[in-house]
Amino acid sequence: MNIVDPNLHVDRESRITLGVLRGVGLGPGDPELMTLRAARQVSEAKIVAYFSKRGKPSHARAIAARFIAKDCAELPLTYPLTTEIPFDHPDYVAALAAFYEESAERLALHLSLGRDVALLCEGDPMLYGSFMHLQTRLSSRFSVEVCAGVSGMSGCFASARQPMTWGDDVLTVIPATLPREALAMRLAATDAAVVMKLGGNLGKLRLALQDAKLTERAIYVERGTMADEKIMRLTDKRDDDAPYFALVLVPGDGRRP
Ligand SMILES: C[S@@+](CC[C@H](N)C(=O)[O-])C[C@H]1O[C@@H](n2cnc3c(N)ncnc32)[C@H](O)[C@@H]1O
């Protein structure tokens with residue numbers, strides 16, 4: 001919990017009022033699914049920061065673009081290249097930890113001078129969000145606010161016009177990065193599911209869905225709510241190529257009158 005210490009607002013030595021870090025949830029991709037608060041916070045921001053992959057435009061920035069003021073300063077936080085290293089390898093963990101540390105200090109520089117920073121976040125900041133890595137590093141020194149956003153999975157269920165849950169259905173949110181056996185076990189034990197972070201994991205996920213006898217119910221959503229979204233039954237998808245913004249839904253099918 002980010003329990004705000006009232007003394008956090010002022011730097012005791014310089015007496016400068018410290019800046020506030022805002023994690024701004026921007027929704028699943030369609031800018032019309034931004035909240036009123038997110039639109040206001042982005043419009044009022046003098047500094048926006050956002051994560052991006054090397055050589056690629058920031059997706060969060062693209063969602064919020066129409067609200068970013070002309071004179072707003074931008075702080076891109078570019079992930080280090082780690083594609084050749086498995087995500088559980090110590091080198092990967094160390095590279096990411098160093099990156100988050102450095103990013104936090106870049107923001108701290110502005111916050112300590114009394115400048116607020118809006119960190120643009122896809123979906124909801126607290127659902128597998130990179131924002132959380134900066135919040136944990138900065139919340140003992142600065143005030144942190146979080147603006148909830150419509151999550152990617154909410155947007156995808158709505159775009160696919162599929163129910164998440166009925167009655168007493170249990171919904172499980174699962175990262176596709178888990179091993180096949182763990183995926184199958186979680187899928188078999190739930191009534192409804194969202195499998196995120198498909199990336200290069202779709203082939204493995206298909207096998208886990210087969211193990212859990214859920215293949216026929218699975219729906220593939222790519223870039224949900226965006227202009228070029230793709231929605232199809234997973235059985236109709238011929239290849240195992242899935243971009244970063246893709247997930248698989250297993251809609252609830254439970255008790256109802
Ligand atoms: C690191 S997580 C961040 C989730 C984000 N904070 C949220 O609330 O949705 C990124 C994963 O979310 C899923 N995702 C988010 N938005 C999506 C969208 N519009 N369409 C499809 N998948 C999406 C994908 O599975 C992607 O790999």
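Note that ligands are numbered from 1 as they come in the structure, with each ligand's atoms numbered from 1 the same way.
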(message) Please list the nearest protein heavy atom to atom 8 (O) of ligand 1 with its residue and the distance rounded to 0.1 Å.
(response) Asp124 N, 2.8 Å
(request) Take Glu222 and Tyr220 through the test side chain to side chain donor-acceptor pair (under 3.5 Å) and record every step on the way to the result. (result) CA-CA 7 Å; Glu222 185 175 307; Tyr220 172 82; 2.5 Å; yes
(request) Counting heavy atoms only, name the option from Tyr220, Tyr128, Tyr244 that's nearest to atom 10 (C) of ligand 1. (result) Tyr244
(message) Between ligand 1 and Gly29, can you find any atom pair, the residue atom being a heavy atom, that is separated by under 4.0 Å?
(response) no
(request) Give a yes/no verdict on whether any heavy atom in Cys156 is under 4.0 Å from an atom of ligand 1. (result) yes
(message) Before you tell me yes or no, could you show the steps for Thr172 and Thr190 under side chain to side chain donor-acceptor pair (under 3.5 Å), namely the whole-Å CA-CA distance, both residues' side-chain angles and the distance that decides it to 0.1 Å?
(response) CA-CA 6 Å; Thr172 305; Thr190 195; 2.6 Å; yes
(request) Using the rule that two of Ile, Leu, Val, Met, Phe, Trp, Tyr join whenever any of their side-chain heavy atoms come within less than 4.5 Å, decide whether Val195 and Met185 are in one cluster. (result) no
(request) Measure the distances from the heavy atoms of Met226 to every atom of ligand 1 and state whether one is below 4.0 angstrom. (result) yes
(message) Is there a polar contact between ligand 1 and Glu222, counting only N or O atoms under 3.5 Å apart?
(response) no
(message) Between Thr225 and Asp30 (side chain of the first, backbone of the second, donor and acceptor by atom type, cut-off under 3.5 Å), is there such a pair?
(response) yes
(message) List ligand 1 atoms under 4.0 Å from Arg223, heavy atoms only on the residue side.
(response) 20 (N), 21 (C)
(request) Give the residue, atom name and distance (to 0.1 Å) of the protein heavy atom nearest atom 17 (C) of ligand 1. (result) Phe245 CD2, 3.4 Å
(message) Please list the nearest protein heavy atom to atom 13 (C) of ligand 1 with its residue and the distance rounded to 0.1 Å.
(response) Met196 CE, 3.9 Å
(message) Test side chain to side chain donor-acceptor pair (under 3.5 Å) on Tyr79 and Ser130; report intermediate values, then the result.
(response) CA-CA 11 Å; Tyr79 284 106; Ser130 299; 2.4 Å; yes
(message) Counting only heavy atoms, tell me which of Val221, Ile63, Leu127 gets closest to atom 4 (C) of ligand 1.
(response) Leu127
(request) State plainly whether the residues Asp116 and Lys46 are in salt-bridge range, i.e. N to O under 4.0 Å. (result) no
(request) Name the option, out of Gly152, Pro175, Gly123, that contains the heavy atom nearest to atom 9 (O) of ligand 1. (result) Gly152
(message) Tell me if a side-chain donor or acceptor on Ser103 pairs with a main-chain N or O of Phe99 at a distance below 3.5 Å.
(response) yes
(request) Look at atom 18 (C) of ligand 1 and say which protein heavy atom is nearest, naming residue and atom and giving the distance to 0.1 Å. (result) Gly224 N, 3.7 Å
(request) Give the numbers and elements of all ligand 1 atoms closer than 4.0 Å to a heavy atom of Ser151. (result) 8 (O), 9 (O)
(message) According to salt bridge (charged side-chain N to carboxylate O under 4.0 Å, His left out), who are the partners of Glu229, at least two apart in sequence or on a separate chain?
(response) none
